[in-house]
Amino acid sequence: MEEIIEGKAFILGNNIDTDQIIPAQHLVYNLDDPEERKNFGRFCLSSVPPELSGLPNGHIPFIEDGECASEYQIIIAGGNFGCGSSREHAPVALNMAGVKAVVAESYARIFFRNAVNGGYLVPFETPQRLIDHIATGDRLRIDLQAGTLTNLDNGQTFSLSPLGDVAEILKAGDVFAYARTAGLY
Amino acid sequence: MGMTMTEKILAAHAGREKVAPGQNIWVNVDVLMTHDVCGPGTFGIFKKQFGPDAKVWDPEKIVLIPDHYIFTTDPHANRNLEILRTIAKEQNLKYFYDAHSPAYKGVCHVALPQEGHTRPGEILIGTDSHTCTAGAFGEFATGVGNTDAALVLGTGKIWLKVPPTMRFIFDGPPPPYLMAKDLILHIIGEIGVDGATYRAMEFAGDGVLALKVEERMTLCNMAIEAGGKNGIIEPDDITLAYVKKRTDKPFTVVKNDEDASYYSERVFKSADIQPTVARPHSPENRATARELAGTKITHAYIGSCTGGKITDMQAAARVLLGRKTAVPTFVVPATMEVARAMEHEKVDGATLKQVFESAGAQIAPPSCAACLGGPPDTFGRLNGREICISTTNRNFPGRMGSKESQVFLASPYTVAASAVRGRITDPREFL
């Protein structure tokens with residue numbers, strides 16, 4: 001887990017479900033094949049309704065046509081991010097698109113587990129609803145040690161909720177590394 | 001203080017006398033289920049982590065059920081079915097219900113109980129969010145991703161945070177025009193799509209115990225739509241009769257301690273609930289069928305783990321008997337067992353299959369089909385600006401295919417009644 005995460009913000013609303021993150025028709029690609037795996041980045045967030053894609057104005061594609069990586073590395077979202085299906089393809093898709101962190105008001109737990117256990121990205125929670133304070137394209141900096149998120153474009157700083165128990169898994173890298181250090185196998 | 005059913009099951013599988021909500025524990029898994037969408041990736045991670053020649057922790061505790069993308073020409077989807085075949089052989093898996101073979105079953109959450117894999121008191125982990133369906137049999141059942149499942153494959157263990165239990169009590173048997181789908185849509189409308197996040201949802205009361213096993217499954221199935229970690233119902237004679245008919249394996253019935261403590265308790269009078277619909281694009285967008293009466297639809301869909309069981313087919317057929325559908329209506333029995341039953345179960349002398357066919361509905365072989373969209377050639381998929389009323393579980397943007405389509409969720413009664421009118425219709429008009 002990186003101590004400092006920097007990148008451009010992409011803003012989404014509430015209840016971003018895993019069908020919006022990676023539509024089911026794209027679940028057919030082989031996760032173990034590096035070339036096929038790129039498709040998860042290509043179609044990441046492709047089912048978000050256009051008017052809600054890249055708030056506050058919307059109509060901003062997360063991925064440009066034909067690309068597999070996004071120019072946005074930090075997702076800022078409302079409540080219940082990642083609800084719906086248990087597909088691990090969802091955090092994989094965000095990871096393949098180049099997302100390092102999601103900062104949401106709250107998460108659906110299967111998505112949260114998948115993000116942490118697979119070590120795909122860091123799912124931060126915030127006590128404050130940030131989507132009203134940050135715009136898509138703003139440059140952000142997350143400081144893990146300080147537990148803060150700073151908008152580099154205007155200097156505003158917000159606090160992040162502590163990661164709690166899952167910090168150990170994220171630090172280890174993934175749940176396998178964590179389970180080994182815990183002596184599970 | 002005592003423990004809830006969920007806490008007792010988790011404690012027993014962690015080798016502890018007591019657990020409390022919020023605790024992180026490692027538990028032993030009784031059954032791990034995976035399918036064609038997540039199976040290949042799960043075994044990919046398993047091999048990466050445990051070695052190319054690694055063997056699973058117990059080949060008799062893994063159930064491999066291809067069910068999502070079966071009847072498609074999509075080459076990647078068909079390749080994934082091949083991968084499952086290789087895995088099953090390599091790992092000598094006892095329970096592999098291969099696609100396009102006599103062993104094929106159909107939708108995993110309905111096939112699991114039919115094949116005797118759901119037993120009271122056990123822990124079932126599946127790589128599908130609707131694994132919570134099996135809580136209807138008094139077990140702890142929850143959905144996970146590939147990584148968690150791969151760790152189970154290698155070790156038989158998973159870490160879980162013990163969830164507190166929210167209790168939903170239904171007072172009085174539901175009136176004849178209501179189905180479990182109405183009850184659960186009512187609850188989700190009440191508490192919202194994150195109203196039970198990381199909590200157990202227990203369904204109780206004489207209103208719930210009056211329901212058949214399949215209807216109880218509908219309640220637990222949609223616990224995830226409120227963010228629930230698991231859904232669960234105390235086993236009774238109806239549960240035990242169903243389970244014992246399907247398996248000889250021993251199991252332990254677990255019930256709530258009398259002094260168990262709950263996160264919350266809500267009581268609903270079953271008779272007060274109306275035929276309920278969830279409007280696009282969220283299961284929490286609750287309305288009554290009457291409030292939406294007259295809303296034009298272009299498609300109707302009856303199928304999935306939520307609404308493709310035999311009781312769902314019986315209900316839809318009751319409404320469709322002697323009537324014609326006004327919009328394209330797609331019927332997908334969840335499993336082969338349901339499909340076979342549709343050929344001999346009758347309403348007023350006609351088999352369910354005959355009723356659907358005479359009504360002008362199309363019937364496809366069992367699979368998840370258009371519930372989650374799937375490849376473009378999927379039966380019943382919404383490919384444009386369709387407005388569909390469906391017995392399935394999710395109406396997120398693009399869930400059933402095109403993100404321009406709209407999905408209303410409802411009970412099989414309401415879906416069938418609406419199919420006849422071409423407009424959303426309260427089923428009481430036909431019952």
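Note that the coordinates shown come from a computational prediction; the quantities given were computed from them, not determined experimentally. Each chain gets a letter, A, B and so on, in the order its sequence line appears, and its residues count up from 1.
If you measure heavy-atom distances from A/Val48 to chain B, the contacts under 4.5 Å come from the backbone alone. Within the 4.5 angstrom heavy-atom criterion, only side-chain atoms of B/Tyr69, from C-beta onward, approach chain A. Proximity to chain A (any heavy atom under 4.5 Å) is shown, for B/Asn146, by both the backbone and the side chain. Of the atoms belonging to A/Tyr107, it is backbone heavy atoms, and not side-chain ones, that fall under 4.5 Å from chain B. Of the atoms belonging to A/Thr18, not a single heavy atom falls under 4.5 Å from chain B. Only the side chain of B/Lys229 has a heavy atom closer than 4.5 Å to any heavy atom of chain A. The contact between A/Tyr185 and chain B is made entirely by side chain atoms (from C-beta outward), counting heavy-atom distances below 4.5 Å. For A/Asp32, the part lying under 4.5 angstrom from a heavy atom of chain B is the side chain only. No part of A/His26 comes within reach of chain B, as not one of its non-hydrogen atoms sits under 4.5 angstrom from that chain. Contacts of A/Asp174 with chain B are made by side-chain atoms alone, with heavy-atom separations under 4.5 Å and no backbone atom involved. A/Ile169 touches chain B through its side chain: at least one heavy atom from C-beta onward sits under 4.5 Å away, while N, CA, C and O do not.
For B/Trp159 and B/Asp148, the side-chain atoms include no donor-acceptor pair closer than 3.5 Å. Using a 3.5 Å distance cut-off with no hydrogens or angles, the side chains of A/Asp17 and A/Gln20 do pair a donor with an acceptor.
Between A/Glu67 and A/Arg42 there is no salt bridge, since no side-chain nitrogen of the basic residue lies less than 4.0 Å from a carboxylate oxygen of the acidic one.
Residue B/Leu160 holds its CG atom at 6.5 Å from CD1 of B/Ile123, rounded to the nearest 0.5 Å.
Proximity of A/Val99 to A/Gln73: side-chain heavy atoms (C-beta onward) are nowhere separated by under 4.5 Å.
Figure legend: cation-pi geometry between B/Arg199 and B/Tyr263, with NZ or CZ positioned under 6.0 Å from the six-membered ring centre and within 45° of its axis. Both the sub-6.0 Å distance and the 45° axial angle are not jointly satisfied by A/Arg37 relative to the ring of A/Phe40.
For chain A, the option among B/Glu284, B/Arg381, B/Glu225 with the highest count of heavy-atom pairs below 4.5 Å is B/Arg381.
Closest approach of B/Cys132 to B/Asn230, counting heavy atoms only: CB-CA, 4.3 Å.
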